[in-house]
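Quick note on labels: first sequence line is chain A, next is B, and so on, each numbered from 1.
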Amino acid sequence: MDEIEYDFRRLEEKWAPVWEAERPFDVDDSVDDRPHKYILDMFPYPSGDLHMGHAEVYALGDVLARYWRLRGCRVLHPIGWDSFGLPAENAAIKRGVNPRDWTYDNIAQQRSSMKRYAASFDWSRVLHTSDPEYYKWNQWLFLEMFKKGLAYRKDSWVNWDPVDQTVLANEQVLPDGTSERSGAMVVKKKLTQWYFRITDYADRLLNDLDRLEATWPAKVLTMQRNWIGRSRGAEVVFTVEGSTREIPVFTTRPDTLFGATFMVVAPDSDLASELAASAEPAVRAAFAEYLTDVQKKTEIERQDATRPKTGVFLGVNAINPLNGESVPVWTADYVLADYGSGAIMAVPAHDQRDLDFARKYDLPVRIVVDVASDEPNDPAASRVPLTGDGPHINSGPLDGLNKADAIAKAIEILEEAGTGKGATTYRLRDWLISRQRYWGTPIPIIHGEDGELIPVPADQLPVVLPPTEGLDLRPKGSSPLGAAEDWVNVPDPRDGSPARRDPDTMDTFVDSSWYFLRFLSPNDDTQAFDPERVKAWAPVDQYVGGVEHAILHLLYARFITKVLFDLGHIDFDEPFEALLNQGMVILDGSKMSKSKGNIVFFGEELDKFGVDAVRLTMAFAGPPEDDIDWADVSVTGSHKFLARAWRIADDVTSAVGADPSTGSAALRRVTHKLLADIGGLVESYKFNVVVARAMDLVNHVRKEIDSGAGAADAAVREAAEVLALVLSMFAPHTAEDMWELLGHEKFVGLQTLPVADESLLVEDSITAIVQINGKVKERLEVATDITEAELLERATALVASALEGKTIRTTIVRAPKLVNIVLAD
RNA sequence: GCCCCAAUAGCCCAACCGGCAGAGGCAGACGACUUAAAAUCGUCACAGUCAGGGUUCGAAUCCCUGUUGGGGCACCA
């Protein structure tokens, strides 16, 4: 008797070298008419070794990649590294090593862990965003955008991280006002920086989310919609009294123009300074003092909506273009300089913030919408503004109209008079992409002595980072590259006169916003991506990654895709057809962290239970989007199941090709039911259910072998083969070995899943239930094609005693499953 | 404060269109094998679906209210 037992170490050592040598999952550029599927897992950042979060995402992504291969598709499943970024640089500074060495050492470690984990990646097309061969095309992309005016410089208030000593994009500042990277409280600084004009794409980025409704998580769609934050309304131009100076305001409620009793300008806006400058000295002093106060406030203080309103009168009045009324102009920090025009008309009767301010400074409150209510409607007394709908009053031409009609009418009047127009604004701001740090893609711009911005000529790309030798990488508020004299001083491409390179590097989110295209032709040194390959593979059919990128990375990738579409480089404008966000791996109800000491180590889990058991556990723990509490799952249980499955393949004694129709029909039904259901289950991400069904099949086969048809039955072989195929998605070593035990040639992962035989699924009898008043009373075996009349007759006969003396009010018959007899009371 | 999602056995989770609450696993009890243990194999038990109301012949499933947990947004005019 064969004494070999299931031993995950033996299987890993047996199969890893075979896959490494034969590369079954590499995809070449040959033409192939199978359907193509591009399955992409978010590529990792190389900080240390892989952790349990990686273990989850790469297990689940691989289930999908391997599933589509079993379905006969040609699958592209690449991997690479998002290897530029601050952590590398900070770690390098701390340890005195080169950020490049630190990064590539970590990549080497992660790469070997990833290979051990046996995800079916195409290892022939690995890319690292920190390779000049990659970032050359990042620079190309930047210049494409620069030429179209989509990359530009402006002087503005920016988010400054005082720890990392660099600017941050709005998306990198957390709601509490801290930096998502360093955790430091972000401060505002006025600096000239590079931006991408993402706001030009706000409408499309918002509207196109509708197309992703069925295939992206609702949560991500909501977050993106909130982030873009479109508001429709009107721009209304007020004029400063006794001057020609104009104050444009944005409002969503132009219908309440007659209720505007004052105006508010953001204190940190240019407009406020200008207005104050021409005011009398007392006002100037008061403004200066207020501005200083405001700028001392942290973001978190400023954003606290419950904070009492403060402000200063600017000493001027402005004329309401609709009714000619003169209203005072104030400045207050509840108005933001960088939203709308940085100024508002205040309608205290119908807006909470304006009402709070009016009450504080005793400004008039005028009701212009007659909101129906039983309570007395007096916002000035109740402190509650009237935000409902109703006929307008005190509003001249708008009187009697409801909200929607009054808004339309107000815009019409403004447009006719040339004092305003319908307008839309967004919460989304332009994407600030320059960073004052070393380890990133150099911005390929040369600053001429005359201040001109000159693109680095295409034949001089890439602009390669200078060596770190002699550079001080410590954060100091300006890019370390500026000190690399040999690098930064270059001849002006126009005439050879002295010029300087732009010393900043790009936000690493630029790198990751198009990497999915580079995977299609990673070694092409003539272009960023090959249009033929793009046509064959893109867009990505299935993207898999963490919800932490719900806004940042996904919004940027969508934006860049639309830019590339507009520039004619690609013919689609959404990068990711479907998105799966996996949850986190946690421990004992909380996030794993070094400081809490509650960490499960990736390598240790693999050592203890084996790669296959860990991967299977990731899939089996629950719905993929839920968090997995490692304390709640049993990797041992997974291991036991795999051993049980493997032994079945070992037990099979029938020959390859044995005709299953001669075998156990009951077992065949279970096997084929799984085959029939597996597609729907995997495609709706119910991997845990697939595993449960595979366990069920194992239980049935075991029973059949031990106390049924026996190991030689052909249906047992059929079930074992299906098991090997299904398990290849979760447990590649075990499945490959089972496939071999069953007498087949490698590779199980390149096989096609058999189609379910429908005729085996048809049951000829079923258990019908008999209810009285909706309560189950009896069960009976009936033919599946029983008629309603016959079913009712048999059911009635069965419960005859219970019906005695009762009046039947009605009967519900759902043949062949159910009869419900409803009695009159 | 506003919006969204969830709640099923001791635990993790299933349940197609409203039709017998249970597919699977963990933990548990018992048995077989064993000198014994582990491994293995087998058997068993356990909830009426967060609470309350409604619709329906019939509700875990649909509707309303609330509780708890999670997430998002939050001075964006």
Side-chain angles (χ1 to χ4, degrees), chain A residues 5-6 175 217-227 229-231 233-234 236 249-253 256 264 266 302-307 309 332-336 338-347 350-354 356-357 425-429 547 550-551 583 589 616-617 620-623 625-629 631-638 640-641 643-644 647 673-674 677 680-681 686 688-699 702-703 705-707 767-779 809-814 817-823:
Chain A
E5 264 304 304
Y6 178 78
K219 188 174 161 181
V220 174
L221 297 175
T222 305
M223 285 169 72
Q224 294 226 350
R225 288 187 179 115
N226 283 342
W227 187 263
R230 175 164 67 193
S231 340
V236 184
V249 304
F250 174 76
T251 176
T252 54
R253 295 293 304 275
T256 61
V264 186
R302 175 151 181 173
Q303 283 179 5
D304 177 9
T306 61
R307 185 167 57 97
K309 299 275 180 289
D333 67 355
Y334 78 90
V335 172
L336 308 176
D338 58 354
Y339 183 77
S341 59
I344 63 158
M345 64 173 200
V347 185
H350 303 289
D351 181 281
Q352 185 69 60
R353 297 151 297 179
D354 297 345
D356 294 345
F357 193 80
T425 58
Y426 303 88
R427 210 185 82 112
L428 181 70
R429 308 295 148 82
V547 75
I551 296 175
L616 185 80
T617 302
F620 184 55
E625 52 285 344
D626 288 4
D627 288 348
I628 299 174
D629 194 326
D632 289 338
V633 298
S634 168
V635 196
T636 313
S638 298
K640 274 160 75 172
F641 162 69
R644 211 166 132 82
R647 277 194 299 271
K673 193 79 180 61
L674 174 55
D677 293 347
L681 290 172
K686 294 183 175 181
N688 54 328
V689 181
V690 175
V691 175
R693 293 287 296 277
M695 289 172 167
D696 188 42
L697 181 56
V698 165
N699 293 342
R702 185 79 261 157
K703 208 168 281 179
I705 292 174
D706 289 351
S707 54
T767 307
I769 55 167
V770 185
Q771 298 180 329
I772 295 179
N773 291 335
K775 302 274 190 308
V776 178
K777 293 292 177 196
E778 295 290 345
R779 299 172 168 79
R809 179 142 64 96
T810 182
T811 54
I812 314 284
V813 183
R814 295 280 181 273
K817 279 162 62 182
L818 167 140
V819 174
N820 186 11
I821 299 169
V822 186
L823 302 176

Between [atom2] on [N] and [atom1] on [X], what's the gap in Å once rounded to a whole number?
| X | N | atom1 | atom2 | result |
| --- | --- | --- | --- | --- |
| E5(A) | A39(B) | CD | C1' | 8 Å |
| Q224(A) | C4(B) | CD | C1' | 16 Å |
| D706(A) | U43(B) | CG | P | 10 Å |
| I772(A) | C57(B) | CD1 | P | 17 Å |
| E625(A) | C5(B) | CD | P | 14 Å |
| K640(A) | G25(B) | NZ | C1' | 10 Å |
| K219(A) | A6(B) | NZ | P | 12 Å |
| N699(A) | G22(B) | CG | P | 18 Å |

Ignoring hydrogens and geometry, is there a side-chain-to-backbone donor-acceptor pair from N773(A) to L823(A) under 3.5 Å? yes

Under 4.0 Å, heavy atoms only, any strand: does [X] hit a base, just the sugar-phosphate, or nothing?
| X | result |
| --- | --- |
| T767(A) | base |
| T222(A) | nothing |
| R644(A) | sugar-phosphate |
| R779(A) | base |
| V249(A) | nothing |

With both distances kept under 3.5 Å, what pairs with [N], Watson-Crick or G-U wobble?
| N | value |
| --- | --- |
| U61(B) | none |
| C20(B) | none |
| U35(B) | none |
| A29(B) | U43(B) |
| A9(B) | none |
| C2(B) | G72(B) |

For S231(A) and A77(B), is the shortest distance between a side-chain N/O and OP1 or OP2 below 4.0 Å? yes

C41(B) phosphate, OP1 or OP2: any side-chain N/O from R647(A) under 4.0 angstrom? yes

Pair R307(A) + D333(A), salt bridge at N-O below 4.0 Å: yes

Which nucleotide in the list [options] gets nearest to the side chain of [X]?
| X | options | result |
| --- | --- | --- |
| M695(A) | G25(B), G72(B), A77(B) | G25(B) |
| K309(A) | G72(B), C75(B), U40(B) | C75(B) |
| V776(A) | C73(B), C20(B), A77(B) | C20(B) |
| A692(A) | A23(B), C20(B), A77(B) | A23(B) |

Taking the side chain as every heavy atom from C-beta outward, state whether I344(A) and D354(A) have any atom pair closer than 4.5 Å. yes

Can you tell if the side chain of I812(A) reaches within under 4.5 Å of the side chain of Q771(A), non-hydrogen atoms only? no

Taking atom [atom1] in both [N] and [M], what distance in whole Å separates the two?
| N | M | atom1 | result |
| --- | --- | --- | --- |
| U40(B) | A45(B) | C1' | 22 Å |
| G42(B) | U55(B) | P | 49 Å |
| C11(B) | A27(B) | C1' | 7 Å |
| C12(B) | C73(B) | C1' | 31 Å |
| C17(B) | A60(B) | P | 15 Å |
| C5(B) | A9(B) | P | 22 Å |
| A21(B) | A59(B) | P | 10 Å |
| G10(B) | C46(B) | P | 11 Å |

Would you name the heavy atoms of Y426(A) and Y339(A) that are closest together and state the gap between them? O-CE1, 3.3 Å

Do you know the tightest heavy-atom contact between F250(A) and S231(A)? CZ-O, 3.5 Å

Looking only at the side chains, is there a donor atom on one of R814(A) and N820(A) sitting less than 3.5 Å from an acceptor on the other? no

Dump the pairs, protein N or O against N or O of nucleotides 8-19 of chain B, anything under 3.5 Å, distances to one decimal.
{"from": "C12(B)", "atom 1": "O2'", "to": "A621(A)", "atom 2": "O", "distance (Å)": "2.9"}
{"from": "C13(B)", "atom 1": "O3'", "to": "N688(A)", "atom 2": "ND2", "distance (Å)": "3.3"}
{"from": "A14(B)", "atom 1": "OP1", "to": "N688(A)", "atom 2": "ND2", "distance (Å)": "3.4"}
{"from": "A15(B)", "atom 1": "OP1", "to": "K686(A)", "atom 2": "NZ", "distance (Å)": "3.1"}
{"from": "G19(B)", "atom 1": "O6", "to": "R814(A)", "atom 2": "NE", "distance (Å)": "3.3"}
{"from": "G19(B)", "atom 1": "O6", "to": "R814(A)", "atom 2": "NH2", "distance (Å)": "3.4"}
{"from": "G19(B)", "atom 1": "N2", "to": "Q771(A)", "atom 2": "OE1", "distance (Å)": "3.1"}
{"from": "G19(B)", "atom 1": "N2", "to": "N820(A)", "atom 2": "ND2", "distance (Å)": "3.4"}

Spacing of L818(A) atom CG and I769(A) atom CD1 [to the nearest 0.5 Å]: 4.5 Å

The reported gap from CE in M695(A) to CZ in R644(A) (rounded to nearest 0.5 angstrom) is 10.0 Å

Cation-pi check for F357(A) against K309(A): NZ or CZ below 6.0 Å from the six-membered ring centre and within 45 degrees of the axis, yes or no? no

